[in-house]
Amino acid sequence: MELTDVEYIDGKMATRCEHMVDRAGQTGSTKLNFVVTQFFLDRNYDNIPDSYCHKPGSTDKCEPFTQDIIDAWTKAFIPCLEYAVKAGFDISFTPHLDDGLASGVWRNAQLINPIAKYGGFSYTDIMLLPLAQAMAAVMTPRTRVWYALQGEMSAMVTAFPAEHQKLLPYIKQVILGSHPEWAPNVRLGVSTNYNKLCGMGACQNPSPAQKAAVQALYNAVDFVGLSSYPRFKNAVSDMEDATEIFNYEMLEFGIDIAKLTTEGGKELVFNEFGVGGGISPSGDQPARTSEQAAESPFFGVYGGYTRKTDPWRNSLPPNVLSDTRQYLETWYRAAALWLKRKGGPRWRVDHVFLWNLNSWDVQGVHMQSTNKEGSYRSEVVSAIIKSHNLALRGLGSIDNPGSYPTY
């Protein structure tokens, strides 16, 4: 998360973070998801970090952590978090780690014990505790919090479930501070990818002990989080695609998501949701047909906006037909209709946070999504989302342009 001062809001110097809070406020949502990123260094590629690091400002160089640095970034984050709370947002956290060597190592496969120290600091030291302390500094009696211990880092959850379970009451206590009466407003959970729950693949024949520990963890959380990128083809029920895969892999641990959310009373939260319009993990190949976009919604185009690599062809006039742009609009009409029904038909969905980065950022929330060349922001999709959000708050009717797909 970049906190650099860039320009003014209401006559005062504001950070990039505060500007993005303002942009999120224009979507009609009452909840804001902070995806805070730090970095791991895995020099021998064994999926066990050697240490953690951070990238100050916009530099690509990853600097090692010290306690002073941890304290400094915690202090620097508090004003933006307070800005969001004062704006009336409920707060979600989905922290995660990226590859500090920029070598293409996927965070999902890292076998990270969250309380073990790697290179002098633990994941709790450099991420979980600072975020909890920052939230504690700005917490109010009216603020609701959804705190995932990670995002899209499945292997660490399935490999170290007991350690995660121990952290749940600790992090909650830090957030609450001297106000235990606010406990009903603070929810703790874990968030994984929708598939490949053991890192680079599904978990195969977990031991009875591992099964029991994962079950205990999921029975202890307040919510179950996942990154959901469904392959929508033509029916609204296609939006369950990613959840179906997630449920299938969770059944290896004896966990049925439908039972967990109904009989178990857990919330199901999509910490990431959207369609990226890419066809390659390299992030530089845009889809040129709706079929391509539908097949790999988890791929997108990285970096700032360019017309050449825009999969949604936003630079074309509205009256010029674009297959991928039409698909994008249909995708979000289907998503809005599906979420109005709280998901279904098999799995209820309680909260959804869009992935507002790169070509997924069709609301133009992130600063790099808009520049002199154009924007990933789609006015049609933004209107669909805002109308949906306002209607759920009782502030208007859902009036999405265009026709709905079949259920």
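Keep in mind the model is a prediction, meaning the values are calculated, not measured.
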Engineer: How long is the span from the CZ atom in Phe273 to the OH atom in Tyr229, to the nearest 0.5 Å?
Structural biologist: 10.0 Å

Engineer: Atom CZ of residue position Arg231 - does it have more than 12 heavy atoms of other residues, nucleotides or ligands inside 6.0 Å?
Structural biologist: no

Engineer: Got more than 12 heavy atoms from elsewhere within 6.0 Å of CD, Gln173?
Structural biologist: no

Engineer: Quick one: do Arg377 and Glu379 make a salt bridge, cutoff under 4.0 Å?
Structural biologist: yes

Engineer: Show your working on side chain to side chain contact (heavy atoms under 4.5 Å, CB included) between Tyr332 and His388 and close with a plain yes or no.
Structural biologist: CA-CA 10 Å; Tyr332 275 97; His388 171 81; over 6 Å; no

Engineer: Does any N or O in the side chain of Asp350 come within less than 3.5 Å of the main-chain N or O of Val269, such that one atom is a donor and the other an acceptor?
Structural biologist: no

Engineer: Test your reading of the model: is there a side-chain donor-acceptor pair from Trp73 to the backbone of His54, 3.5 Å cut-off?
Structural biologist: no

Engineer: Which atom names give the shortest non-hydrogen contact between Lys308 and Glu373, and what distance separates them?
Structural biologist: N-OE2, 4.3 Å

Engineer: Looking at side-chain heavy atoms only, is the closest gap between Val186 and Thr143 below 4.5 Å?
Structural biologist: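 With C-beta onward as the side chain, the pair stays apart.
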
Engineer: Is any side-chain heavy atom of Asn108 closer than 4.5 Å to a side-chain heavy atom of Lys196?
Structural biologist: yes

Engineer: If you draw the axis of the six-membered ring of Phe39, does the NZ or CZ of Lys55 fall within 45° of it and under 6.0 Å from the ring centre?
Structural biologist: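 Yes, Lys55 and Phe39 form such a contact.
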
Engineer: Any side-chain hydrogen bond (donor to acceptor under 3.5 Å, both in side chains) involving residues 292-305? Give me the pairs, sequence neighbours left out, ordered by first then second residue.
Structural biologist: Tyr305-Asp310

Engineer: Taking ring-ring contact (aromatic ring centres under 6.0 Å, His included) as the definition, give me every residue that meets it alongside Tyr194, ordered by chain and number, with sequence neighbours left out.
Structural biologist: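 Here no residue qualifies.
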
Engineer: Side chains of residues 85-96: which donor-acceptor pairs under 3.5 Å do they make with residues two or more places apart or in other chains?
Structural biologist:
{"from": "Asp90", "atom 1": "OD1", "to": "Arg144", "atom 2": "N", "distance (Å)": "3.0"}
{"from": "Asp90", "atom 1": "OD2", "to": "Arg144", "atom 2": "NE", "distance (Å)": "3.0"}
{"from": "Asp90", "atom 1": "OD2", "to": "Arg144", "atom 2": "NH2", "distance (Å)": "3.1"}
{"from": "Ser92", "atom 1": "OG", "to": "Asn33", "atom 2": "OD1", "distance (Å)": "2.8"}
{"from": "Thr94", "atom 1": "OG1", "to": "Asn33", "atom 2": "OD1", "distance (Å)": "2.9"}
{"from": "Thr94", "atom 1": "OG1", "to": "Asn33", "atom 2": "ND2", "distance (Å)": "3.4"}
{"from": "Thr94", "atom 1": "OG1", "to": "Asn271", "atom 2": "ND2", "distance (Å)": "3.1"}
{"from": "His96", "atom 1": "NE2", "to": "Thr37", "atom 2": "OG1", "distance (Å)": "3.0"}

Engineer: Would the distance check show the side chain of Asp361 and the main-chain N or O of Ser369 forming a donor-acceptor pair, the cut-off being under 3.5 Å?
Structural biologist: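 The answer is no, because no donor-acceptor pair under 3.5 Å joins these two groups.
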
Engineer: Under a 3.5 Å threshold, yes or no: a donor from one side chain and an acceptor from the other, between His366 and Gln368?
Structural biologist: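 Judged by distance alone, the side chains do not pair up.
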
Engineer: Drop me the distance from Asp256's CG to Glu263's CD, to the nearest 0.5 angstrom.
Structural biologist: 8.5 Å

Engineer: So do Leu101 and Arg43 actually touch side chain to side chain, heavy atoms under 4.5 Å?
Structural biologist: yes

Engineer: Looking at Arg325 and Leu316, would you say the former's side chain and the latter's main chain have a donor-acceptor pair under 3.5 Å?
Structural biologist: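 Pair found, side chain donor or acceptor close to backbone of Leu316.
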
Engineer: Tell me whether the centres of the aromatic rings in Phe270 and His351 are closer together than 6.0 Å.
Structural biologist: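 Here the rings of His351 and Phe270 have centres that are no less than 6.0 Å from each other.
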
Engineer: With heavy-atom distances below 4.5 Å as the criterion, would you say the side chains of Pro130 and Phe77 are in contact?
Structural biologist: no

Engineer: Decide, yes or no, whether a salt bridge links Lys266 with Asp222 under the criterion of side-chain N to carboxylate O below 4.0 Å.
Structural biologist: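 Judged by the 4.0 Å cut-off on N to carboxylate O distance, Lys266 and Asp222 do not form a salt bridge.
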
Engineer: Assign the ring pair Tyr52 / Tyr118 to parallel, tilted or perpendicular, where the plane angle (0 to 90°) is split at 30° and 60°.
Structural biologist: perpendicular

Engineer: Report yes or no: does Asp99 contribute a side-chain atom to a donor-acceptor pair with the main-chain N or O of Trp106 at less than 3.5 Å?
Structural biologist: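 No, the answer is negative, given that no donor and acceptor are paired below the 3.5 Å cut-off.
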
Engineer: Centroid separation under 6.0 Å, is that true for the rings of Phe40 and Tyr123?
Structural biologist: no

Engineer: Enter the distance from Tyr248:OH to Ile257:CD1 here, rounded to the nearest 0.5 Å.
Structural biologist: 15.0 Å

Engineer: I'd like to check Leu197 versus Asn195 (side-chain heavy atoms, cut-off strictly below 4.5 Å). Are they in contact?
Structural biologist: no

Engineer: Looking at Val138 and Glu82, what are the two nearest heavy atoms and their distance?
Structural biologist: CG1-CB, 3.6 Å

Engineer: Just by distance, do the side chain of Asp22 and the backbone of His19 share a donor-acceptor pair under 3.5 Å?
Structural biologist: no

Engineer: Taking the side chain as every heavy atom from C-beta outward, state whether Ser191 and Glu152 have any pair of such atoms under 4.5 Å apart.
Structural biologist: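 Contact flag for Ser191/Glu152 side chains = no.
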
Engineer: Are the side chain of Asn371 and the backbone N or O of Gly374 linked by a donor-acceptor pair below 3.5 Å?
Structural biologist: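 Yes: the side chain of Asn371 pairs with the backbone of Gly374.
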
